[in-house]
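Data block below; observations after.
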Amino acid sequence: MAEIVKKPVQITETILRDAHQSLIATRMRTDEMLPIVPKLDEVGYRSVECWGGATFDAALRFLKEDPWDRLRKFRDGFKKTKLQMLFRGQNILGYRPYADDVVEYFVQKSVANGIDIIRIFDCLNDLRNLETAVKAANKEKAEAQVALSYTLGEAYTLEYWVEKAKAIEEMGADSICIKDMAGLLVPKAATELIGAMKEVTKLPIQLHTHYTSGEASMTYMKAVEAGVDVIDCAISPFALGTSQPATEVMVEAFRGTEYDTGYDLNLLNEIAEYFRPIREKYIANGLMNPKNMGVDIKTLLYQVPGGMLSNLTSQLDGLGAADKFYEVLAEVPNVRKDMGEPPLVTPSSQIVGSQAVMNVVMGERYKVVTKESKDLFLGKYGKSTLPFNEEIQKKCIGDEEPITCRPADLIPNELETLEKEMAEYKQQDEDVLTYALFPQVAIDFFKYRNGEGEGPEVIEAPAKAAPAPAEAQKTAFEGTKYYAINVNGVEYNVTVEAAAEGAAPVAAPAAVPAPAAPAPAAAPAGGAGSVEVTASLPGKVFKVEAAAGQAVKAGDAIVILEAMKMEVPVVAPQDGTIASINVGVGDAVEAGTLLATMN
Ligand code: CO
């Protein structure tokens with residue numbers, strides 16, 4: 001046993017990023033943050049997490065703020081505190097993998113605008129997906145912190161985490177974070193995990209968790225006793241529930257011990273006083289739901305993030321299949337197993353969750369396969385922890401050859417193309433990165449900046465739901481939902497709560513649940529367009545892949561529907577020729593809507 005060195009623990013304050021991402025859908029505005037920066041700067045925090053994650057998207061999409069400008073204002077205000085951001089590996093802050101040149105440029109610009117510490121994670125813990133960002137951070141002399149997405153399962157033994165810790169040190173990271181987005185790390189496991197990792201690495205270890213399951217402050221206590229170096233906390237008005245443990249509470253818990261932070265409780269209280277009315281404002285306008293502030297034990301029961309549970313609920317709701325909730329919940333671990341038991345964090349949580357919904361609602365497993373599920377089986381997200389279920393993989397990818405290389409090796413540099421596409425809107429170098437991450441949202445923002453287009457969202461008090469892609473956001477703001485579930489003849493009232501990181505990105509494409517099927521069709525012989533291709537479930541047309549007159553083979557995609565934030569191909573039921581396409585991009589379709597006809 002390595003001797004545990006007892007020393008003051010350090011704290012990363014999450015109020016400017018994760019705390020409001022977790023509790024008020026990332027809607028805190030820059031002008032609500034800046035007045036308190038001087039006091040935050042006096043505390044002596046290890047760092048303040050203030051950027052990245054969903055803040056970039058939400059600032060642009062809902063607040064019509066330039067995230068780069070926010071970062072520069074933080075840098076001006078924080079004279080001595082390190083600024084930290086969250087970075088989704090090769091996906092940066094977006095929802096697809098980017099070429100290395102975009103990743104490198106984003107890191108460079110983040111550091112140039114004020115970031116000191118970059119916390120980089122991957123949803124599969126495939127370290128190859130972090131290499132480019134880590135090297136870029138090294139090059140820019142920022143601290144490269146590699147975060148492991150914590151999860152439970154057959155594969156996730158102490159040995160798994162220990163091997164990852166060694167590999168992270170070897171790849172040149174400066175520190176390690178255990179990122180427990182679902183609040184699954186219980187105190188005893190923290191003792192074992194931190195102890196085992198401290199045996200094999202000299203890198204500082206930071207622990208990030210959420211209060212969702214109610215365990216977090218006890219877990220921190222045990223982790224600190226086991227030698228963890230830094231814990232993530234949120235100032236009390238934005239702590240607990242789906243956010244982090246409260247800063248003041250942890251500071252006082254260690255007061256007078258070897259782990260004493262030395263932080264000034266009066267100063268922390270002044271900071272809390274500042275945020276209290278802001279909390280009240282968001283409770284009043286409905287963005288903060290007090291029901292999310294309680295303990296959600298279901299996350300421990302089902303070992304999935306709370307936010308994933310609420311996503312499943314809203315997806316089933318949209319399909320009129322709320323009664324299938326428990327069936328879907330039982331299918332989640334099966335799908336996860338088929339997919340090599342990935343951690344459940346954006347985007348793997350959505351891929352597993354929506355595929356489980358499809359499998360149950362369609363009455364046949366993998367009858368409908370989302371594009372994202374297929375890509376995952378193709379290796380496009382990286383290497384799975386355990387091998388895929390080969391039979392299912394084959395069913396999903398057909399004759400396509402899965403890749404085994406680092407996925408980004410297949411993505412050609414794209415910065416130049418992106419520059420050209422957005423040239424007319426460019427006012428600063430960083431704009432191309434904004435555009436790269438969220439093309440449509442960025443253009444809308446650039447137009448607003450030029451004095452045209454829509455301004456920031458207005459939240460009416462009391463808000464019933466967030467505006468914008470209201471459907472997608474629905475449950476996040478409606479909070480607890482109630483279902484009467486019949487299990488073995490006994491009726492239970494089940495509540496499913498909303499929110500939490502690790503589930504939905506704050507604002508992916510609008511997404512009322514809506515898988516559609518490779519629609520078999522009534523196919524009497526002869527006649528123009530005698531074979532009807534229909535949607536078997538509601539959704540929105542995302543792409544039309546075929547045109548009238550085009551020859552298609554059975555299984556070719558004709559229309560791609562967007563459903564549950566996933567792309568769901570509707571395929572030709574047989575070989576033939578397209579006679580008509582009956583829908584256009586953006587059309588909402590119901591189950592049974594005629595999408596195309598063919599012969
Ligand atoms: Co978090």
Side-chain angles (χ1 to χ4, degrees), residues 6-24 28-51 55 73-86 116-117 119 177 204 206-211 214-225 228-283 288 290 293:
K6 293 184 179 179
K7 58 175 189 323
V9 67
Q10 292 181 292
I11 290 178
T12 288
E13 173 63 56
T14 66
I15 179 67
L16 303 183
R17 205 283 297 177
D18 203 356
H20 75 106
Q21 179 172 330
S22 297
L23 292 177
I24 57 167
M28 204 184 291
R29 307 169 46 84
T30 304
D31 60 17
E32 290 172 317
M33 302 172 177
L34 292 180
I36 198 63
V37 162
K39 282 193 173 143
L40 285 168
D41 198 27
E42 288 304 316
V43 174
Y45 290 121
R46 151 84 179 140
S47 62
V48 170
E49 191 198 35
C50 62
W51 212 61
T55 65
K73 286 181 168 140
F74 286 152
R75 188 66 285 168
D76 284 347
F78 283 101
K79 309 291 183 201
K80 44 194 171 187
T81 308
K82 288 187 172 168
L83 301 184
Q84 183 165 331
M85 74 173 291
L86 182 66
D116 300 291
I117 303 171
R119 175 180 292 172
C177 173
Q206 181 153 3
L207 181 55
H208 175 90
T209 189
H210 288 255
Y211 217 88
E215 303 272 356
S217 54
M218 295 180 284
T219 298
Y220 276 177
M221 177 67 80
K222 287 295 174 193
V224 168
E225 288 171 359
V228 89
D229 298 271
V230 190
I231 51 177
D232 284 9
C233 301
I235 199 77
S236 58
F238 281 84
L240 310 185
T242 48
S243 176
Q244 275 77 51
T247 308
E248 307 95 298
V249 173
M250 295 316 303
V251 165
E252 287 310 292
F254 294 117
R255 181 87 64 203
T257 71
E258 300 91 333
Y259 314 110
D260 196 337
T261 61
Y263 298 173
D264 177 357
L265 186 61
N266 285 313
L267 176 59
L268 292 172
N269 186 48
E270 286 174 35
I271 295 167
E273 289 289 350
Y274 173 83
F275 282 108
R276 244 166 242 139
I278 296 177
R279 170 194 167 90
E280 292 306 317
K281 173 190 142 181
Y282 284 109
I283 289 175
M288 185 187 274
M293 306 304 292

Decide yes or no for [X] and [Y]: does some side-chain heavy atom of the first lie under 4.5 Å from some side-chain heavy atom of the second?
X      : Y     : answer
Asp264 : Val43 : no
Leu86  : Asp18 : no
Leu16  : Phe78 : yes
Met293 : Leu23 : yes

Atom of [X], atom of [Y] and distance for their closest heavy-atom approach:
X      : Y      : result
Ala216 : Thr209 : CB-CG2, 3.6 Å
Met221 : Ala253 : CE-CB, 4.1 Å
Thr242 : His210 : O-ND1, 2.7 Å
Gly77  : Val37  : C-CG1, 3.4 Å
Ala234 : Gln244 : N-CB, 3.8 Å
Leu240 : Pro245 : CD2-CA, 4.3 Å

When rounded to the nearest 0.5 angstrom, what distance separates [atom1] in [X] from [atom2] in [Y]?
X      : Y      : atom1 : atom2 : result
Ile235 : Ile36  : CD1   : CD1   : 8.5 Å
Thr14  : Phe238 : OG1   : CZ    : 11.0 Å
Leu207 : Tyr220 : CG    : OH    : 5.0 Å
Thr55  : Met28  : OG1   : CE    : 12.0 Å
Arg46  : Asp229 : CZ    : CG    : 8.5 Å
Leu40  : Leu267 : CG    : CG    : 8.0 Å

Using a strict 4.0 Å threshold on nitrogen-to-oxygen distance, state whether [X] and [Y] make a salt bridge.
X      : Y      : answer
Glu225 : Lys6   : no
Asp31  : Lys73  : no
Glu273 : Arg276 : yes

(request) May I have the step-by-step check of side chain to side chain contact (heavy atoms under 4.5 Å, CB included) for Thr81 and Glu13, ending in yes or no? (result) CA-CA 11 Å; Thr81 308; Glu13 173 63 56; over 6 Å; no
(request) Determine, stepwise, if the pair Glu32 / Tyr282 fulfils side-chain hydrogen bond (donor to acceptor under 3.5 Å, both in side chains). (result) CA-CA 12 Å; Glu32 290 172 317; Tyr282 284 109; 2.7 Å; yes
(message) Evaluate Lys39 against Glu42 for salt bridge (charged side-chain N to carboxylate O under 4.0 Å, His left out), listing each step before the verdict.
(response) CA-CA 5 Å; Lys39 282 193 173 143; Glu42 288 304 316; over 6 Å; no
(message) Using a 3.5 Å distance criterion without hydrogens, assess whether the side chain of Gln10 forms a donor-acceptor pair with backbone atoms of Tyr45.
(response)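 Answer holds: no.
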(message) Any side-chain to backbone donor/acceptor pair from Asp260 onto Gly256? Under 3.5 Å, distance only.
(response)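 Checked: pair present.
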(message) Regarding Glu248 and Ser236, do their side chains bring together a donor and an acceptor under 3.5 Å, going by distance alone?
(response)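 Yes, because at least one side-chain N or O of Glu248 sits under 3.5 Å from a partner of the opposite role on Ser236.
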(request) Tell me yes or no: between the side chains of Asp232 and Gln206, is some donor less than 3.5 Å from an acceptor? (result)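 Asp232 vs Gln206: donor-acceptor pair found between side chains.
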(request) Check step by step if side chain to side chain contact (heavy atoms under 4.5 Å, CB included) holds for Ile231 and Phe254. (result) CA-CA 12 Å; Ile231 51 177; Phe254 294 117; 4.2 Å; yes
(request) Give me the one residue out of Arg119, Gln84, Lys82 that meets side chain to side chain donor-acceptor pair (under 3.5 Å) with Ser47. (result)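 For Ser47, the side chain to side chain donor-acceptor pair (under 3.5 Å) test succeeds with only one of Arg119, Gln84, Lys82, which is Gln84.
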